[in-house]
Amino acid sequence: MIPRYETKEMKEIWSLENQYRSWEIVELAVCHAWAKDGVIPAEAMRKIDERSGFDADEILKIEAEVQHDMIAFDTNMADHVGPEGRYIHLGLTSSDVEDTASALRLRQSLDVVIGELDVFMKDVFEQAEKYKYTPAVGRSHGVHAEPITFGLKILNWYSELLRDRKRLENAREEISCGKISGAVGTYAHCPPHIEASVCAELGLKPDLVSTQIIQRDRHAVVMFALASLGAAMERIATEIRHLQRTEVREALEPFGKKQKGSSAMPHKRNPIQCEKICGMARMLRSFTVVAQENVALWHERDISHSSTERIIWPDAFHLAHYMLKTLGRVVRGLDVSPQRLQENLELTGGLVYSQRVLLQLVEKFNMRREDAYLAVQRNAMKTWNGEGHFLDLLAGDELIKGRIDRTELAQLFTNEYYFRFVDEIFARFE
């Protein structure tokens with residue numbers, strides 16, 4: 001990940017230093033399991049625990065010669081331990097350590113993302129409550145439809161984020177899986193109870209049946225959960241981008257006092273943070289394709305997945321975390337204009353109340369639905385063409401005025417009717 005989009009938390013988790021540390025944790029857990037079995041003498045185990053360590057620079061030097069990162073790591077770790085280092089990596093294959101350690105780092109990363117998501121969701125819900133009763137126009141196909149509240153719009157974001165949080169929790173459970181089963185998963189040199197002991201120490205569950213690796217459908221689930229969260233953030237960002245358009249201007253992302261929007265046009269206030277979110281969501285989605293393609297490996301394993309995972313895992317978590325932090329600042333500082341929301345609600349001259357008029361004519365005055373629809377639509381088209389306000393045109397329509405007077409008709413052009421279940425919808429999230 002380029003420094004511009006790194007986050008401190010993810011940088012630490014996905015650093016080379018932490019990679020080696022996670023490998024050391026797994027290697028020591030395996031030694032502990034062998035020590036319980038009496039294979040590693042108690043005194044030797046004490047010395048392994050006391051002297052265990054590694055030198056990242058030295059590991060890289062060894063790797064340059066042997067062309068194998070796990071051999072380089074184990075060689076260096078054994079050098080730190082001394083003669084007892086011969087017990088390190090006993091009965092293991094590289095993927096036993098790498099995949100089990102990766103589970104630890106993936107889980108750690110998911111914990112960070114879930115924690116940041118909780119902060120973001122709190123901000124979203126607070127904004128939903130703030131604008132719970134603020135009138136706004138609902139749109140479908142980009143066209144004004146019926147009145148809603150701005151708070152309901154935001155509450156819908158919150159509802160989707162709840163589902164994304166659940167997906168992340170499920171992905172965390174899916175990936176919390178270790179494997180100490182040897183070269184092709186037969187436990188030939190390391191019996192199942194060693195794996196069980198290691199996983200218990202690390203807070204993982206043993207993979208029920210593995211090959212030389214933990215199967216990559218688990219990791220694909222993690223990438224999908226992150227991409228799904230990214231899509232939710234993109235949806236929010238896209239909405240704000242539209243609302244910030246000059247013709248709309250209902251809500252704008254924050255703009256600093258010293259911020260400049262354009263090198264050429266001093267008047268510009270562009271939704272650059274939201275645009276950035278939309279671009280990053282595309283990247284996150286692309287990683288799911290790679291993760292799915294990593295599932296089908298040759299026989300008991302090949303390493304075609306390995307090179308891609310060194311890229312997509314850290315980059316995906318950097319992006320997801322960065323996006324949450326960025327969009328959180330946008331939502332907290334969202335510049336909402338209730339006045340502009342009201343102006344836009346009234347922009348179409350009452351057309352947003354057309355369905356209520358239609359239903360009133362059908363239900364109360366027993367008009368055929370087709371006749372009522374044509375009458376309402378006829379006057380709606382006149383309103384679109386600038387021939388008058390919808391209420392005035394309806395009141396003067398020969399087919400309608402004989403059934404409903406203007407006063408009763410005007411009562412249908414109120415927002416309260418549309419907002420009467422807002423409290424009930426919000427109560428679902430208490």
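Sequential numbering from 1 along the given sequence is applied to the chain's residues. Just so you know, these numbers use all the heavy atoms, side chains as well, and skip hydrogens, waters and symmetry mates.
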Within 6.0 Å of CD in E65, more than 12 heavy atoms from elsewhere: no
Aromatic ring pairing W14/F317, orientation class (parallel under 30°, perpendicular over 60°, tilted between): parallel
Show your reasoning for whether side chain to side chain donor-acceptor pair (under 3.5 Å) applies to S286 and R282. CA-CA 6 Å; S286 74; R282 297 168 193 164; over 6 Å; no
Donor-acceptor under 3.5 Å (W34 side chain, L90 main chain): yes
Can you give me every donor-acceptor pair (side chain of residues 193-205, partner residue at least two apart or in another chain, under 3.5 Å) with its distance?
from	atom 1	to	atom 2	distance (Å)
H193	NE2	D37	OD1	3.2
H193	NE2	D37	OD2	2.7
E195	OE1	Y187	OH	2.6
E195	OE2	I180	N	2.9
E195	OE2	Y187	OH	3.4
S197	OG	K36	NZ	3.4
E201	OE1	H32	ND1	3.2
E201	OE2	H32	ND1	3.0
K205	NZ	E173	O	2.4
K205	NZ	S176	O	3.4

Under 4.0 Å between a side-chain nitrogen and a carboxylate oxygen: does that hold for R340 and E250? no
Side chains of T238 and C278, heavy atoms from C-beta outward: is any pair under 4.5 Å? yes
R86, CZ atom: more than 12 neighbouring heavy atoms under 6.0 Å: yes
Are the side chain of R218 and the backbone of E174 linked by a donor-acceptor contact shorter than 3.5 Å? yes
Would a 4.5 Å heavy-atom cut-off, applied to side chains only, mark E9 and K325 as touching? yes
State, yes or no, whether a side-chain contact exists between T93 and K179 at a heavy-atom distance under 4.5 Å. yes
For Q360, all residues meeting side chain to side chain donor-acceptor pair (under 3.5 Å), sequence neighbours excluded: none
Between S95 and R301: side-chain donor-acceptor atoms closer than 3.5 Å: yes
Is it true that the side chains of T134 and T149 contain a donor and an acceptor less than 3.5 Å apart? no
With sequence neighbours left out, what residues match R241 under salt bridge (Lys or Arg N to Asp or Glu O under 4.0 Å)? none
Hey, could you give me each pair passing side chain to side chain donor-acceptor pair (under 3.5 Å) that has a residue in residues 288-298? Not counting sequence neighbours. N294-T308
Side chain to side chain contact (heavy atoms under 4.5 Å, CB included) partner of V30, chosen from D96, T100, L92, I40: L92
Output yes when a side-chain donor or acceptor of S15 lies under 3.5 Å from a complementary backbone atom of E12, and no otherwise. yes
Just jot down the salt bridge (Lys or Arg N to Asp or Glu O under 4.0 Å) partners of R107, sequence neighbours excluded, or say none. none
Residues which pass salt bridge (Lys or Arg N to Asp or Glu O under 4.0 Å) with E275, listed by chain and number, not counting sequence neighbours: none
Hey, does the side chain of N76 reach the backbone of E58 with a donor-acceptor pair shorter than 3.5 angstrom? no
For K276 and Y322, run side chain to side chain donor-acceptor pair (under 3.5 Å): C-alpha distance rounded to whole Å, both residues' side-chain angles, the deciding distance at 0.1 Å, then the answer. CA-CA 10 Å; K276 189 190 304 180; Y322 182 95; 3.1 Å; yes
Do E116 and F120 come within less than 4.5 Å of each other through their side chains, counting heavy atoms only? no
Under 3.5 Å, is there a donor-acceptor pair between the S159 and R163 side chains? yes
Look up atom CD in E129 and atom OH in Y158, then write down how far apart they are to the nearest 0.5 Å. 9.0 Å
Interatomic spacing from CD in E27 to CD1 in I48 - rounded to 0.5 Å: 10.5 Å
Side-chain heavy atoms of I62 within contact of F73, under 4.5 Å: no
State whether the side chain of E253 and the backbone N or O of I272 hold a donor-acceptor pair below 3.5 Å, judged by distance alone. yes
Separation of L284 CG from L229 CG (nearest 0.5 Å): 8.0 Å
If a pair satisfies side chain to side chain donor-acceptor pair (under 3.5 Å) and one of its residues is in residues 117-128, list it, with sequence neighbours excluded. D118-R165, K122-E126, D123-R332
How long is the straight-line distance from CZ of F125 back to CZ of F429, given to the nearest 0.5 Å? 8.0 Å
For I303, is the CD1 atom crowded, meaning more than 12 foreign heavy atoms sit under 6.0 Å from it? no
Taking the side chain as every heavy atom from C-beta outward, state whether I214 and E98 have any atom pair closer than 4.5 Å. no
Applying salt bridge (Lys or Arg N to Asp or Glu O under 4.0 Å) to D74 and not counting sequence neighbours gives none
Heavy-atom count around E50 CD within 6.0 Å, excluding the residue itself: above 12? yes
Within the 4.5 Å heavy-atom criterion, are L104 and Q108 side-chain neighbours or not? no
According to ring-ring contact (aromatic ring centres under 6.0 Å, His included), does anything in residues 216-244 pair up with another residue at least two apart or in another chain? List the pairs. H219-W313
Donor-acceptor pair, distance only, cut-off 3.5 Å: does the side chain of E63 make one with the backbone of H68? no
Closest approach of D69 to Q19 (non-hydrogen atoms, all atoms of both residues): OD2-NE2, 4.5 Å
Nearest 0.5 Å, please: how far is CZ in R216 from OG in S304? 10.0 Å
Please examine the side chains of I213 and L297, heavy atoms only from C-beta on, and report whether any two atoms are closer than 4.5 Å. yes
Quick one: do R21 and E24 satisfy salt bridge (Lys or Arg N to Asp or Glu O under 4.0 Å)? Show the steps, please. CA-CA 5 Å; R21 187 174 298 112; E24 180 187 29; 5.7 Å; no
Holding to side chain to side chain contact (heavy atoms under 4.5 Å, CB included), I want the full list of residues that pass it with E146, two or more places apart in sequence or in another chain. Q355, Y418
State whether the side chain of T211 and the backbone N or O of E300 hold a donor-acceptor pair below 3.5 Å, judged by distance alone. yes
Basic-acidic side-chain contact under 4.0 Å: R46, D49: no
Looking at residues at least two apart in the chain, or sitting in another chain, which of them share a side chain to side chain donor-acceptor pair (under 3.5 Å) with Y5? none
Under the 3.5 angstrom rule, does the side chain of H318 hit a backbone N or O of T7 as a donor-acceptor pair? yes
Will you find, in the side chains of D423 and Y133, an N or O donor that is under 3.5 Å from an N or O acceptor? yes
Set of residues satisfying side chain to side chain donor-acceptor pair (under 3.5 Å) with respect to R269, sequence neighbours excluded: none
